[in-house]
S.K.: 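One structure follows; several queries about it will come next.
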Amino acid sequence: MKLFPIRGGIHPEYRKELSGERAIEALPLPSRLYIPLQQHIGAPAEILVSEGDLVKKGQVIARRQGQISAHHHASTSGRVVEVTEIPAPHPSGLPQPTIVIEPDGRDEWVTLPEPIADPFAAAPEVIEERVAESGIVGMGGATFPSAVKLNLGIRHRIDTLLINGAECEPYLTCDDRLMREHAEAIIDGARIMAHTLGAPRIVVGIEENKPQALAAITVAASDFPNIDVAALPVKYPMGSERHLTLAITGLETPARKLTADLGVVVHNVATARAVHQAVRLGRPLIARVVTVSGGAMREPKNIEAPIGARVSDLIDFCGGFSQRPERIIQGGPMMGTPLPNLDVPVVKGTSGILALTAAEINERPADPCIRCGACVNICACGLTPVELAAHIRHDDLEGAAKLGLADCVSCGSCSWVCPSHIPLVHYFNYAKGALNARDREQRKTERTKTLVEANAARQERIAAQRAAARKPKAAPAANEVPS
Amino acid sequence: MIGAETTKSGPFAHSTNTVRQTMFTVILALSPATLFNLYLFGWPSILLFGVTIGACVVTEAICLALAGRPVTHTLSDGSAVLTGWLLAMTLPPWAPWWIGVLGAVFAIPLAKQAFGGLGQNLFNPAMVARVALLVSFPVVMTAWIAPHPLFSASAPGLADSIAITFGGQVPDGVTAATALGYVKTELSRGIPVFQSLVEYGRGSNLTYTPDLMDLATGYKPGSLGETSAILILIGGLFLMRRRIITWHIPVTVLGTLFLMGTLFNLLDPGRFAPGLFHVISGATFLGAFFIATDYVTSPVSEKGQLIFGIGVGLLTWVIRTFAGYPEGMAFAVLLMNSLTPIIDQYTRPRLFGRTRKGEPLPLKGKA
């Protein structure tokens with residue numbers, strides 16, 4: 001099919017061969033599961049169990065609260081041994097409430113909701129509800145609650161559902177393996193999502209470096225004339241939602257708008273499979289495929305791990321480290337984050353666990369910028385990172401904002417390409433955070449000011465009323481109309 | 001405020017590019033042309049070449065030490081060597097040693113370190129030095145010599161060469177005019193360009209006779225490293241292949257110069273030299289591939305580089321044609337350097353999802 005070029009982009013060392021040929025293996029049940037209440041964008045789920053409760057596999061143990069939130073389920077049967085705070089799988093390592101389950105080894109399912117017999121005859125609300133009840137979030141890493149995204153069909157006319165199988169991050173092969181091994185489930189899930197959104201057309205986008213995945217998906221989609229498979233050029237960040245939309249549909253999403261405003265919704269392949277399982281089997285999202293790889297990993301693998309398994313469980317399953325890793329990260333090397341320790345759990349957004357060597361990271365102290373312009377040429381968003389960084393270094397955050405800081409998707413290509421090893425994207429993330437904090441501060445000040453003024457006005461009014469009340473009532477106003 | 005310390009945030013992968021590798025790749029690309037010219041102009045040019053680079057490295061080291069910066073680490077980035085190399089390539093090959101040293105002082109402390117060091121200078125250091133030397137010492141800086149290849153009968157030995165470079169004792173009868181200089185002088189005497197070109201080719205009143213082929217291969221008088229258009233072209237293509245430079249600046253510089261030359265030559269061949277002559281003469285190739293493409297002093301965006309290259313080509317032609325100097329590449333580059341910040345400002349790429357003016361793109365036909 002006809003594709004459209006995207007600006008810039010880079011070709012990092014993909015190293016997908018480390019794990020690409022390893023079929024998905026199930027992780028043996030760990031001794032403990034740690035299920036955080038916050039594994040998604042939005043409000044944390046509300047806890048439904050307490051210490052000592054017995055839970056079954058697939059039982060809801062935390063309920064979504066608010067518009068944007070997600071259910072969480074027990075990944076296996078067992079006993080809730082603790083509800084505690086443990087460090088989150090986030091570079092901050094901040095503690096967050098977590099349900100600790102000790103598996104009983106029986107792996108016994110709760111009574112699951114009935115499969116939806118004919119999802120294509122079901123009302124969109126029914127599917128949405130099932131997806132929400134199943135705790136499905138965007139599994140490409142963004143972890144946005146999927147039901148909310150399936151809702152977009154109500155306010156927008158959606159004509160295309162894009163299934164994102166680009167997997168443009170180096171090392172990661174979890175989506176590749178899913179597409180090779182579960183192509184039919186992915187296509188079925190995609191069709192259910194398209195039905196829910198009211199989207200007549202589906203395009204699955206897969207980078208050309210995954211020929212087996214392309215072949216498997218093409219076969220699985222061959223019975224459905226409304227599904228196209230797009231072989232995308234290999235280029236990072238092709239999997240970015242807006243860039244994928246541009247490459248496949250030729251539509252450029254305006255700043256501060258959603259792809260849905262153009263009639264396009266993007267879902268990840270793993271999300272499509274999760275929807276298939278929820279609708280066809282009644283199964284909630286309690287496991288995901290994680291690529292465990294990196295030059296320091298003894299035996300890289302693609303592992304289907306229960307949500308809540310610790311990172312160390314997965315690493316042990318891969319035979320531990322072959323050498324001392326310089327850094328252990330979650331996600332891909334471009335946008336992934338360092339892990340605070342190995343006891344953090346696998347959550348719904350964990351696509352990869354990489355143990356990288358110093359040579360792979362190739363970190364060096366920054367040299368002066370030589371204005372080579374590489375960052376300008378590769379920026380997929382059309383930014384001038386060299387200029388933005390200069391503004392931020394001098395604490396001129398507003399200057400950086402004027403040059404389009406908010407349009408940066410933090411893909412990290414500029415940092416990757418910089419011959420001087422300047423941590424450009426780190427500058428931008430810092431500046432975005434600092435500007436947000438300033439904004440909040442300013443709003444707070446304004447709010448305080450409004451409240452103070454309102455309070456003063458109220459006091460004045462009360463004083464005036466009291467003064468009026470104190471006046472003798474003897475002399476009614478002359479113009480008072482008798483009733 | 002953000003600190004300069006290395007961070008714990010991603011990406012946790014990096015291209016193999018480094019500043020040092022970039023600088024040494026450029027040096028490698030310069031090598032064929034340099035070696036050819038060092039052979040062509042013999043020992044005096046080798047001595048001057050060494051003195052110039054040495055002086056650049058020493059002045060850089062002194063500046064870094066005075067500024068309290070890490071001396072060996074910064075020197076190892078290769079930028080001082082490259083500046084010295086480029087400067088040497090633009091000097092008359094038998095110029096005395098102090099030209100190289102003075103050039104280094106103009107290039108490194110004044111043009112580069114005074115602005116804040118690598119990456120901070122507005123003007124190309126080698127060109128600042130060359131122009132400062134040219135206006136200060138016009139006679140020494142235009143004393144071109146005919147080729148005296150190493151080991152040939154006419155080549156000075158090492159002892160004579162030391163006398164030439166360090167004693168300023170240039171023997172008689174070795175100087176020669178460059179083609180650009182000859183045509184300019186003759187034109188001022190009323191000899192039309194087409195005639196002086198033929199004369200230059202025939203070598204009347206010259207000690208050395210180049211033909212057109214020599215002009216291109218570089219067996220001709222000229223600066224220490226600029227005479228061989230073909231070897232410089234090979235180096236430039238190598239840099240493009242290694243993605244150190246893109247085609248934008250070289251092609252626009254050469255193209256503009258060629259177009260202007262050809263156009264005006266067609267109008268009045270007696271007054272204006274042909275386009276091809278402009279392109280293969282003087283510092284054109286060196287300037288187009290190695291000087292104008294200097295990262296620090298040229299625009300960062302490809303569109304900006306197109307404007308920059310056109311400007312360099314145009315100004316070079318204007319200076320060569322209308323100004324007092326036969327060669328204008330250095331002046332043209334410096335003038336365009338001064339425009340780089342403003343070109344950068346007006347040639348930013350369009351932001352994704354926004355119009356050129358920075359407004360969000362309109363939604364077409366959808367609410």
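Each chain gets a letter, A, B and so on, in the order its sequence line appears, and its residues count up from 1.
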S.K.: Report, one line per pair, each donor and acceptor closer than 3.5 Å where one atom sits in a side chain of residues 302-315 of chain B; sequence neighbours left out.
M.R.:
unit_1	atom_1	unit_2	atom_2	d
B/Q305	OE1	B/T246	OG1	3.4
B/Q305	NE2	B/P299	O	3.1

S.K.: Tell me, out of A/N377, A/N429, A/V425, who's got the most heavy-atom pairs with chain B below 4.5 Å.
M.R.: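 Most heavy-atom pairs under 4.5 Å with chain B: A/N377.
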S.K.: Can you list the residues of residues 334-358 of chain B that sit under 4.5 Å from chain A, counting heavy atoms only?
M.R.: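 Residues in range: B/T340, B/D344, B/R348, B/P349, B/R350, B/L351, B/F352, B/G353, B/R354.
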S.K.: For chain B, find which of A/L356, A/I329, A/L397, A/L354 contributes the most heavy-atom pairs closer than 4.5 angstrom.
M.R.: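 Most heavy-atom pairs within the cutoff with chain B belong to A/I329.
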S.K.: Find the one option among A/A434, A/A374, A/G373, A/P419 whose heavy-atom pairs under 4.5 Å with chain B are most numerous.
M.R.: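 The answer is A/P419.
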S.K.: Donor-acceptor pair, distance only, cut-off 3.5 Å: does the side chain of B/H14 make one with the backbone of A/S415?
M.R.: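 Here the side-chain-to-backbone pair exists.
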S.K.: Would a distance-only check, ignoring hydrogens and angles, find a side-chain to backbone donor-acceptor pair under 3.5 Å from A/H421 to B/V19?
M.R.: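 Not at all, since once roles are kept as given, no pair shorter than 3.5 Å links the two residues.
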S.K.: Could you pull out the closest heavy-atom pair between A/L262 and B/L363, with the gap in Å?
M.R.: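 Shortest heavy-atom contact: CD2-CD2, 3.6 Å.
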S.K.: Would you give the length of the straight line joining atom CG of B/L361 to atom OG1 of A/T253, rounded to the nearest 0.5 angstrom?
M.R.: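 It is 9.0 Å, given to the nearest 0.5 Å.
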S.K.: Side chain, backbone, both or neither: which part of A/M335 has a heavy atom under 4.5 Å from chain B?
M.R.: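 No part of A/M335 comes within 4.5 Å of chain B.
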S.K.: Looking at A/R327 and B/F12, what are the two nearest heavy atoms and their distance?
M.R.: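 A/R327 and B/F12 have their closest heavy atoms at NH1-CE2, 3.0 Å.
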S.K.: For A/R242, is it the side chain, the backbone, both, or neither that has a heavy atom closer than 4.5 Å to a heavy atom of chain B?
M.R.: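 Contact with chain B involves both backbone and side-chain atoms of A/R242.
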S.K.: Look at A/I370, A/L251, A/D367 and state which one has the largest set of heavy-atom pairs under 4.5 Å with chain B.
M.R.: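 Most heavy-atom pairs within the cutoff with chain B belong to A/I370.
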S.K.: Of all of A/T384, A/T337, A/V376, A/D407, which one pairs up most often with chain B through heavy atoms under 4.5 Å apart?
M.R.: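 Of the candidates given, the most pairs with chain B belong to A/D407.
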S.K.: Between A/R371 and B/S298, what is the shortest heavy-atom contact and its length?
M.R.: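 Scanning both residues completely, I find the closest heavy atoms to be NH2-O, 2.8 Å.
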S.K.: Go through the atoms of A/E360 and report whether side chain, backbone, both or neither lie under 4.5 Å from a heavy atom of chain B.
M.R.: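 Answer is backbone: N, CA, C or O of A/E360 sit under 4.5 Å from chain B.
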S.K.: Does any backbone or side-chain atom of A/E387 lie under 4.5 Å from a heavy atom of chain B? Answer side chain, backbone, both or neither.
M.R.: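 Looking at A/E387, just its side chain touches chain B.
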S.K.: With a 4.5 angstrom heavy-atom cut-off, could you sort out which part of A/C381 is near chain B: side chain, backbone, both or neither?
M.R.: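 For A/C381, the contact with chain B is made by backbone and side chain together.
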